Amino acid sequence: MRLIDKLLLEGISSTYFSGEQRLPVLDNISLHVQAGEFVTVLGPSGSGKSTILKTAAGLLKPDRGRVLIGGHETTGTPQLVGYMPQQDLLFPWKTLKQNAALPLLAAKSGTGEAYARVEEMLPVFGLESFADYYPFQLSGGMRQRAALLRTMLIESNLMLLDEPFASLDALTRENMQDWLLDIWGRFKRSVLFVTHSIDEAIYLSDRIYVISERPGKNALEQDIELPRPRTKSILASRNFATYKQVFINALAS
Amino acid sequence: MKKWASIKSNLPSALLIAGVLLLWELVTGAADLPEFILPAPSTIALSLAANFYLLIGHAGVTLTAVLGGLALAILVAMLLAIAMDRWKPLKQALYPLLVISQAIPIFALAPLMLIWFGVGLLPKVLIVALVCFFPLAVNLIEGFNQVDPEAINLMQTMQADRWMIMRSVQLPSALPYFFSGLKIAATYSVLGAIIGEWLGARAGLGIYMLRAMNSFRTSDVFASIIVVIILSLAFFKLVELSAWLVMPWKRKPKNSTED
């Protein structure tokens with residue numbers, strides 16, 4: 001028997017309306033994330049992965065199914081979760097420090113206190129000398145780190161990350177993956193991660209759900225038993241290649 | 001360097017203006033036109049200098065109406081746009097009326113203002129507010145419409161309250177729209193005040209213009225037109241400057257840092 005899941009999605013079905021058209025997006029999706037676990041949803045573009053995250057956050061109400069966080073039903077009610085949408089969504093009118101402090105200010109911290117907390121965290125995210133920069137003055141990688149810092153400052157043990165590295169070049173992306181694993185190990189959060197990159201999914205996750213093309217259905221649930229902490233050398237290992245073949249097959253069918 | 005570039009780019013139009021003025025001066029001299037038909041630029045300049053303090057005084061009165069009206073329009077437009085963003089039925093009910101209200105010519109409304117509120121400052125303030133309100137309100141409403149719903153989602157997952165979402169997402173993202181509305185409003189505002197003064201006032205550039213016209217002091221009319229132009233331009237620049245001050249993230253050049 002396992003402990004109460006941090007996050008549980010049960011039989012989620014969801015429809016997207018665009019004008020007159022009804023577009024089924026999710027069909028009976030179930031998944032769970034246990035405390036401290038790194039779980040990834042892997043699927044092709046347009047398989048409704050973002051809809052899964054938004055439903056998990058309570059931002060969307062599914063047609064059927066329910067969402068439980070820590071054993072409590074939260075379906076369709078926005079929850080305090082570390083949700084990071086696809087674009088970095090740093091507000092252009094706020095400096096890095098002001099952006100990162102938003103979750104603390106929303107939680108009614110004093111401004112001084114919030115900024116002090118952000119300043120304290122900046123070095124961990126490699127952003128110490130950029131506190132007063134506006135987003136347009138930062139590189140893509142720095143913006144993603146700033147957005148992750150903001151997500152990390154949301155007082156929740158559950159993080160929902162929607163393709164956070166999709167917009168980055170390959171090299172920056174690999175650095176950010178290592179860096180995310182490091183942060184995750186340090187702060188012990190439960191993560192539901194979304195990506196369409198097989199390598200990224202295997203490298204990061206404890207468990208992977210493969211979602212089929214629209215409407216998204218559960219296609220495969222696979223544990224990844226690669227030792228942690230992981231380094232890039234495992235990318236060339238046999239186990240990694242075996243997993244990779246499994247996912248290539250699952251996505252092809 | 002940058003300053004020199006901007007001087008250089010403005011040089012052609014400055015030369016053109018100088019050329020036209022020169023031609024104007026020569027033609028009025030050569031053709032021996034009566035002054036009340038077309039005064040020479042030099043005569044206008046002399047009128048401007050002779051009546052400088054008088055003009056400043058009248059400009060002050062007009063400026064008060066303009067500032068009052070603009071402030072009132074900003075306040076009402078802001079409150080209305082926020083209310084319409086919050087209660088969609090209100091928006092559905094009021095938006096068409098807003099557009100219809102623009103079809104009413106201000107020349108038709110201005111006399112009513114005077115009948116209801118007399119010849120003092122108040123009717124001018126109201127006329128300016130009426131002219132400025134529409135571009136401000138429409139731009140603000142559009143600005144609130146354009147707010148990224150993902151940004152609001154994000155704030156909800158932080159459990160931010162509505163006031164915080166308004167303050168840190170909706171208002172700042174509507175600011176560029178607000179300022180483009182304000183640019184239009186600022187140029188209309190001086191015009192609105194002048195129209196109000198034409199219909200009846202004790203002081204102001206409009207009434208100065210009217211008096212000069214009625215006594216065929218055409219050079220004085222031109223002088224007051226110049227003051228109106230300067231006033232409008234100054235307002236426009238002031239709006240640009242405040243946009244620059246209020247939105248530091250819109251400032252150029254964009255020097256991005258690579259890692």
Side-chain angles (χ1 to χ4, degrees), chain A residues 50 53-54 56-60 77-95 98-99 101-108 126-127 129-130 132-145 147 150-151 153-156 158-160 162 171-172 175-176, chain B residues 78 81-82 85-86 88 139-140 142-182 239-259:
Chain A
S50 296
L53 283 198
K54 283 196 185 118
L59 294 169
L60 286 177
T77 326
Q79 294 300 303
L80 183 66
V81 288
Y83 169 61
M84 181 171 159
Q86 224 166 63
Q87 326 91 295
D88 60 53
L89 267 190
L90 293 175
F91 299 139
W93 46 85
K94 290 186 179 291
T95 61
Q98 290 168 336
N99 266 296
L102 277 173
L104 302 170
L105 297 173
K108 313 281 181 219
L127 295 165
S129 35
F130 299 99
D132 296 318
Y133 280 54
Y134 283 97
F136 74 81
Q137 298 168 307
L138 304 170
S139 70
M142 291 162 97
R143 277 205 298 273
Q144 289 299 331
R145 289 204 296 271
R150 179 180 61 188
T151 313
L153 287 173
I154 297 175
E155 293 287 341
S156 164
L158 179 60
M159 292 175 70
L160 308 169
D162 193 351
L171 204 66
T172 314
N175 289 335
M176 294 289 292
Chain B
M78 194 72 97
I82 291 175
D85 178 69
R86 190 148 292 186
K88 298 297 171 199
N139 273 282
L140 269 171
E142 180 63 19
F144 285 142
N145 261 348
Q146 295 299 321
V147 175
D148 186 354
E150 281 281 354
I152 295 183
N153 277 345
L154 181 72
M155 294 301 286
Q156 280 175 340
T157 63
M158 298 178 192
Q159 306 277 289
D161 54 45
R162 293 197 88 159
W163 167 233
M164 183 174 174
I165 295 178
M166 174 53 75
R167 209 175 20 142
S168 48
V169 181
Q170 292 176 287
L171 277 179
S173 73
L175 268 182
Y177 292 86
F178 169 74
F179 276 108
S180 53
L182 192 58
V239 173
E240 278 190 339
L241 178 70
S242 41
W244 188 84
L245 287 173
V246 173
M247 302 187 290
W249 64 92
K250 292 270 177 194
R251 289 177 202 169
K252 283 165 184 172
K254 302 192 170 185
N255 51 329
S256 70
T257 327
E258 292 300 325
D259 61 356

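Per chain, numbering begins at 1; letters A, B, ... match sequence-line order. Bear in mind the structure is a predicted one, so any value in this text is a computation, not a measurement. Computation of the quantities below employed the complete heavy-atom set of this structure, encompassing side-chain atoms and omitting hydrogens, waters and symmetry-equivalent molecules.
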Shortest non-hydrogen separation from [X] to [Y] and the atoms involved:
| X | Y | result |
| --- | --- | --- |
| Ser168(B) | Trp93(A) | O-NE1, 2.7 Å |
| Pro92(A) | Trp249(B) | O-CB, 3.0 Å |
| Arg251(B) | Phe136(A) | O-CZ, 4.0 Å |

Identify which part of Leu104(A) has an atom lying under 4.5 Å from any heavy atom of chain B, answering side chain, backbone, both or neither. neither
Heavy-atom distance under 4.5 Å to chain B: side chain of Phe91(A), backbone, both or neither? side chain
Quick one: which of Met84(A), Lys54(A), Gln86(A), Gln87(A) has the most heavy-atom pairs under 4.5 Å with chain B, could you say? Lys54(A)
Mind checking which of residues 155-164 of chain B sit less than 4.5 Å from chain A, heavy atom to heavy atom? Met155(B), Gln156(B), Thr157(B), Met158(B), Gln159(B), Ala160(B), Asp161(B), Met164(B)
Any side-chain heavy atom of Leu102(A) sitting closer than 4.5 Å to one from Leu154(B)? no
